[in-house]
Amino acid sequence: MKNTSEEQDPLRPHSYDGIQEYDKRLPNWWLFTLYGAIVYAIGYWVFYHEARIGLEPGVAVEMQMAENKIAATRNASALSDDLLWKLSQDSQTVEAGKATFLANCASCHLPTLTGQIGPNLVDEFWIHGGKPLEVVKTINTGVLEKGMPTWGPVLGQQKITEVAAFIMSHHQKDEPVKQAPPWIPGQVMLAPATAVN
């Protein structure tokens, strides 16, 4: 007895080595998969390339790689002045440092960094050194005799790096660093007098 599908499906006219094929209709699941892939491809093209609603995958990968590089830099143990200057230009690092500064340091240095109990951090006069690594060291070890606690064990390296980057974002790399007079907590520090020509 012949299969009914063999009776209904015609044979294709070509023959290979005496073998002929039935001209069968593709199954529905296969056709739905094909049509679904076509619809998806058109939607993808419109979403990413025509309407530009989403970031193109290449751009998204580049952005993620840049973020990962910055995160790795922040966590790196080998800090340098150049690295900290670079981080001071990164908005994400500076914002993180600002949040930590406002939560822990603003009570003494004010949110404007202009100083009150602690010294001014935005002028060119520094007590313990104004290079980025010196700022990190001061935050890390503190100045107990002046009332500044040791922040290293409390904040950790990443947050201290971010705070230092936030402070240095208020400065320029090539600006002069001048030695400030000794700081007396609670008193307004006046800049040393300069000669007028």
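We're numbering straight along the sequence, starting at 1.
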Using side-chain heavy atoms (C-beta onward) and a distance below 4.5 Å, is [X] in contact with [Y]?
X      : Y      : result
Glu162 : Leu155 : no
Trp151 : Asn140 : no
Lys159 : Val154 : no
Val143 : Glu145 : yes
Cys108 : Gln116 : no

Spacing of [X] atom [atom1] and [Y] atom [atom2] [to the nearest 0.5 Å]:
X      : Y      : atom1 : atom2 : result
Lys173 : Lys86  : NZ    : NZ    : 11.0 Å
Asp174 : Trp85  : CG    : CH2   : 8.5 Å
Thr33  : Trp30  : OG1   : CH2   : 8.5 Å
Thr93  : Glu95  : OG1   : CD    : 10.0 Å
Ile167 : Ile139 : CD1   : CD1   : 4.0 Å
Lys131 : Asp81  : NZ    : CG    : 6.5 Å

At their closest point, which heavy atom of [X] faces which heavy atom of [Y], and how far apart are they?
X      : Y      : answer
Ser88  : Ser169 : O-CB, 3.4 Å
Leu121 : Trp126 : O-CH2, 3.9 Å
His171 : Asp123 : CE1-O, 3.1 Å
Gly129 : Val135 : O-CG2, 4.1 Å
His128 : Glu134 : O-CB, 3.9 Å
Val122 : Asn120 : N-OD1, 2.7 Å

Hey, what's the ring geometry for Tyr48 with Tyr44, parallel, tilted or perpendicular (30° and 60° as the breaks)? tilted
I'd like to know if the side chain of [X] reaches the main chain of [Y], judged simply by a donor and an acceptor atom lying under 3.5 Å from each other, with no hydrogens or angles considered.
X      : Y      : result
His14  : Gln20  : no
Gln179 : Phe125 : no
Asn104 : Thr100 : yes

Treating Ile, Leu, Val, Met, Phe, Trp and Tyr as nodes and any side-chain heavy-atom pair under 4.5 angstrom as an edge, say whether [X] and [Y] lie in one connected cluster.
X     : Y     : result
Val46 : Ile53 : no
Trp29 : Ile38 : yes
Tyr35 : Ile42 : yes

Have a look at Met148 and tell me which of Thr141, Thr138, Ile117 forms a side-chain contact (heavy atoms from CB on, under 4.5 Å) with it. Thr138
For the CD atom on Glu175, are there more than 12 heavy atoms of other groups (residues, nucleotides or ligands in this structure) within a distance under 6.0 Å? yes
Could I get the full list of side-chain contact (heavy atoms from CB on, under 4.5 Å) partners for Ser80, not counting sequence neighbours? Asp82, Leu83
